[in-house]
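Every heavy atom of this structure was used, including side-chain atoms; hydrogens, water molecules and symmetry mates were not.
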Amino acid sequence: MTEEITYTHHYIPLDRAELVARLHDALRDKRFHHVLRVEQTAIKLAKQNNVDVEKASIAGLCHDYAKQRPDEDFINEIHKKGLDPELLNYGNAIWHGVVGAELIKDELGIWDEDILNAVRHHTMGAAVMTPLEQVVYMADYIEPGRDFPGVERAREITNANLGAGVAYQTKQTLEYLIKHNSPVYPKTIETYNAWVPAYRKEIE
């Protein structure tokens with residue numbers, strides 16, 4: 001059942017229905033339904049962890065806003081905004097969060113840094129993450145449509161302890177990247193070092 005939050009805090013110059021319509025236009029059907037599930041999971045986690053539910057709804061919906069944009073959009077934004085040129089060595093998996101947050105500012109009028117950081121960091125985390133960032137990071141990972149080895153364990157851990165969920169996801173992601181000989185964005189290492197040792201016992 002979808003919980004439709006009424007936006008009253010002016011974090012975004014749109015109501016929820018208008019935002020959902022914008023996302024429907026920006027995303028293919030499968031991705032659109034993913035962001036709706038992430039929003040609902042984020043709302044649930046926000047309530048469990050005393051996080052602003054309206055921010056959780058907006059960030060959950062917007063986290064993949066730029067996911068299906070052409071590479072040129074991201075490259076142009078990196079140059080235009082003077083973002084870290086190291087980003088050019090990566091691709092959409094990193095860009096749609098870090099650079100996507102800039103597109104969200106420009107195109108959706110969201111300037112709340114907590115929401116923007118939740119979008120920026122939803123793929124690789126960060127050494128320091130607000131509760132909202134943790135909520136979106138985990139909601140993207142454990143939403144009901146996800147089906148991969150370890151996802152049930154991730155759900156159990158996250159429901160018991162949000163920070164331990166962050167640690168578990170980060171460890172699993174790093175192991176996956178190493179197993180597949182994929183490049184590791186430096187912030188992922190920072191996230192691992194900050195979170196995994198701190199929650200070692202909870203994720204064993």
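- Applying the side-chain contact (heavy atoms from CB on, under 4.5 Å) test to Glu175 and every residue at least two apart in sequence or in another chain returns Lys171, Gln172.
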Donor-acceptor pairs are to be reported for all side-chain atoms of residues 13-28 against protein atoms at under 3.5 Å, with residues two or more places apart or in another chain.
unit_1: Asp15; atom_1: OD1; unit_2: Ala17; atom_2: N; d: 3.2
unit_1: Asp15; atom_1: OD1; unit_2: Glu18; atom_2: N; d: 2.8
unit_1: Arg16; atom_1: NE; unit_2: Glu39; atom_2: OE2; d: 2.9
unit_1: Arg16; atom_1: NH2; unit_2: Glu39; atom_2: OE1; d: 2.8
unit_1: Glu18; atom_1: OE1; unit_2: Asp15; atom_2: N; d: 2.8
unit_1: Arg22; atom_1: NH2; unit_2: Glu107; atom_2: O; d: 2.8

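- Looking only at side-chain heavy atoms (C-beta outward), His34 and Val38 come within less than 4.5 Å of each other.
- The side-chain hydrogen bond (donor to acceptor under 3.5 Å, both in side chains) test applied to Asn117 returns Arg120, not counting sequence neighbours.
- Scored by the side-chain hydrogen bond (donor to acceptor under 3.5 Å, both in side chains) test, Asn161 finds no partners at all (sequence neighbours excluded).
- Considering only residues two or more places apart in sequence or on other chains, Glu202 meets the salt bridge (charged side-chain N to carboxylate O under 4.0 Å, His left out) condition with none of them.
- Considering only residues two or more places apart in sequence or on other chains, Arg200 meets the side-chain contact (heavy atoms from CB on, under 4.5 Å) condition with Pro197, Glu204.
- Residue pairs satisfying the salt bridge (charged side-chain N to carboxylate O under 4.0 Å, His left out) criterion with at least one member in residues 125-151, sequence neighbours excluded, are listed as follows: Arg37-Glu143, Asp140-Arg146.
- Scanning for salt bridge (charged side-chain N to carboxylate O under 4.0 Å, His left out) contacts around Lys47 gives Glu3, with sequence neighbours left out.
- Residues meeting the side-chain contact (heavy atoms from CB on, under 4.5 Å) test with Lys179, sequence neighbours left out: none.
- For Ser182, the side-chain contact (heavy atoms from CB on, under 4.5 Å) partners are Leu177, His180, not counting sequence neighbours.
- For the side-chain hydrogen bond (donor to acceptor under 3.5 Å, both in side chains) test, residues two or more places apart in sequence or in another chain that qualify with Asn89 are Glu86.
- Considering only residues two or more places apart in sequence or on other chains, Thr170 meets the side-chain hydrogen bond (donor to acceptor under 3.5 Å, both in side chains) condition with Tyr137.
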